[in-house]
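All values reported here derive from a predicted model rather than from experimental measurement. Protein chains get the first letters and strands the later ones, always in sequence-line order, with residue 1 at the start of each.
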Amino acid sequence: MVVIYKPRLARNAAICLTKEGNVALIEIRDVSKVYALGEVSQQALKDISLSIDKGAFVSIVGPSGSGKTTLLNLLGCLDKPTSGEVFINGTRTDQLNRRDAARFRGDHLGFIFQSFNLIPVLTVFENVEYPLQMIKDEPQSIRRPKVLAMLEAVGMAEHVRKLPDQLSGGQRQRVAIARALVASPKLVLADEPTASLDHVTAHNIITLMRGMRDTYGTTFVFSTHDPRIVGEAETRIALEDGQIEGTTQEEAVSC
Amino acid sequence: MLNIFKLAARNLRRYLRRTLLTVLLIVLGVTLVILFSGLSGSFKSMMIGIITDSNLGHLQLHRKGYVASIDTLPLNFNLKPAEYAQLREKLDTDPQIAGYAPRIKVGAMLSNFMETTSVRITAIDPDKELVVSPALPDRIKSKAWNKARHLLGPGEILVPMKIANALSIKEDDAIVLVATNRDGSVNGLTFKVVGLVEDVAGPQGKDGFIHLQDARTLLRIDGEEVSEVAVRVKDFSRLEKVRKHLAAGIADVKNPGGKPLFELHSWAELTPFATIAKMIDLLTVTMKIIMIGIVLISILNVMLMSVYERVREIGTIAAIGTSPMRIMGLFLAEGLFLGLIGATIGIVIGVGGIALLNLFKVQFTFAQMNLVLAPTIQVSEILTVSATVLFMAVAATLQPAWKASRMEPVDALRHV
């Protein structure tokens, strides 16, 4: 499938994907990121401004090296911008220290990784239980029904006792989605969630993610350069050379 | 908290071969320390027991300057009756003291009427001596000698076995002791040999024994004059406290020159074996340091490997919100588990080894004494070893755990 972008805005204009009157869940202002690579430096993002509404299902698309992962890392409080400001759910996250950033991630964010990144020594149930037990310290009586409900929602209720290496790639990613959602985060960030999967499985995973968004109202932002699933997103942000090339959302306006 | 340990246990099981190898090293170190501590401690206690219980006593009191001249057994350093009475007063009122024995020590010539040799003689009060030197009867070899009857009576002598052998002296033989008294006059007395006494390590270990009353006759001493007073304390583990207390008690007794009249020595100050005992302690400490080294290096190595191999995993749990402290806790728990498992198995094997050695009663000879190897180990020693291993296990894990907790999730997730 060929993706047709609709660059309604000037190159690297500030992008507002929030409907009028809504509070933006994500807001980044003039964000740049420069990596020092020895004596040379590499600019991964250049003066990006962006706001995304709650409950959005957004894909960040672009070729390798366009800055997708860097942008996701900044949104996920995993990295800090060289300049600019990042707000998630009203909190300025680019100024959080290591401990507060970890707490913020645990409280507000969920992550889905390309390689699933499940903990190999834990069962399916325990992997999903991990954020509730190890991060939120919820008692077993509360976390057990949550975990079972989430595994039921992603279709993995029958595999609770299995270890990750007993699962297929698609099943592992379902478990990863359950783990990302079980603590009811405001935002789930997925970096190339379908890159390790075949097309059918990739399509199912994106459908599942969108279904979870519909069910739980969680905002999903995922990166991909797979043209077969780009069209699955309701909103696409195109990145190239660290700058926003455009978006497909009709309501997008210059901030 | 429980889940940290569950996760740690599973991660250790995940790298089973490496975990087993590390545990094996810790087990080896702990077992060696337990066995060595048991053996060396028991050997030391046995030797100290033999030396103190056979002749030395736990403490000895003399006129100041006597011990410096002890090789010549100087009679002019004897304690006068009034001075001995002062000592008795102190000793009788000290509740920590089990008993004390007055002695006169003299160098004499021993003759079997055909041959003559020099001999060191300790004159004793048999009843009091048995309290201070309860193992002395075990050294006496005699068919006729009746242990239950008495140790020694007036007119009787216990001859050192080597001298007896050299001079072909047997039980019931008559011998003559000739000694010079303080005034320079020579006197002799005839004694009946009632037993031969084996040598024992340490000073006074080759002495013959006569009755205190005979020594006073031989040396023409009037009244209760003594060369030394040997003391036995009730609780050997409190010896140092008793020594200090007694030393403080006698410090105020001065000679006419205003200097302390008495001197007090513990067994350790009187026998060269104290140096051997210190060497045994040093060896035990060395063994413990080696064990600590084994624990430290093996756990540090395995935990560094563990952190290096799990960089992406650390990145993942950090990314999803695990706090740096909890990540550190995860790795510390792994180190603690390694130490706990290693220490437990090592202690079980070490204590089992000690039990086996006691079962088979291994015998050996040391300083002309036949000893039965009977190692024992105190519970406090086991607890100390366990605590040391656990502490070192956690200490060795600190650096790798700190490294893991300080990883930037974004870098860790990129790690291949």
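Using a 4.5 Å cut-off between heavy atoms, A/Y130 contacts chain B through its side chain alone, with no backbone atom that close. Looking at B/R310, there are no atoms closer than 4.5 Å to chain A (heavy atoms on both sides), in backbone or side chain. Proximity to chain B involves both the backbone and the side chain of A/N117, based on heavy atoms less than 4.5 angstrom apart. With a threshold of 4.5 angstrom between heavy atoms, A/L109 does not approach chain B through any atom at all.
Both tests pass for B/R414 against the ring of A/Y35: distance under 6.0 Å to the centre and angle within 45° of the axis.
Side-chain atoms of A/R103 never come within 3.5 Å of backbone atoms of B/G321 as a donor-acceptor pair (strictly under, hydrogens ignored).
Around CZ of A/R144, the count of heavy atoms belonging to other residues, nucleotides or ligands within 6.0 Å does not exceed 12. Summarising the local packing, CD of A/Q166 is surrounded by more than 12 heavy atoms from other residues, nucleotides or ligands at distances under 6.0 Å. For B/E309, the CD atom counts as densely surrounded, since its 6.0 Å shell holds more than 12 non-hydrogen atoms of other residues, nucleotides or ligands. Surrounding NZ of B/K234 are more than 12 heavy atoms belonging to other residues, nucleotides or ligands, all under 6.0 Å away. Within a 6.0 Å sphere centred on NZ of B/K403, heavy atoms belonging to other residues, nucleotides or ligands number 12 at most. Dense packing is recorded around NE2 of A/H159, with more than 12 heavy atoms of other residues, nucleotides or ligands lying under 6.0 Å away.
The CD1 atom of B/I320 sits 8.0 Å away from atom CG of A/N127, with the distance rounded to the nearest 0.5 Å. Rounded to the nearest 0.5 Å, atoms CD (A/Q133) and CG (B/N3) are 3.5 Å apart. How far CG of A/L118 is from OG1 of B/T316: 8.5 Å, rounded to the nearest 0.5 Å. Note: B/S323 OG to A/R105 CZ = 10.5 Å, rounded to the nearest 0.5 Å.
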Mind running side chain to side chain contact (heavy atoms under 4.5 Å, CB included) on B/R13 and A/V121 for me, showing each step along the way? CA-CA 9 Å; B/R13 202 174 60 193; A/V121 293; over 6 Å; no
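Ranked by heavy-atom pairs under 4.5 Å with chain B, the first of A/E129, A/R179, A/E126 is A/E126. The choice from B/R14, B/R406, B/M325, B/E408 that makes the most heavy-atom pairs within less than 4.5 Å of chain A is B/R406. Chain A forms more heavy-atom pairs under 4.5 Å with one residue of B/V410, B/N11, B/L330, B/D411 than with any other, namely B/V410.
Heavy-atom neighbours of chain A within the stretch residues 336-349 of chain B, taken at a separation under 4.5 angstrom, are nonexistent.
In this view, A/Q114 satisfies the side-chain hydrogen bond (donor to acceptor under 3.5 Å, both in side chains) rule with no residue, not counting sequence neighbours.
Nearest approach of B/A319 to A/F113, heavy atoms of both residues: CB-CZ, 3.9 Å. Taking every heavy atom of both residues into account, A/R98 and B/P324 meet most closely at CD-CG, 3.7 Å. Closest approach of A/D137 and B/R326 over heavy atoms only: OD1-NH1, 2.9 Å.
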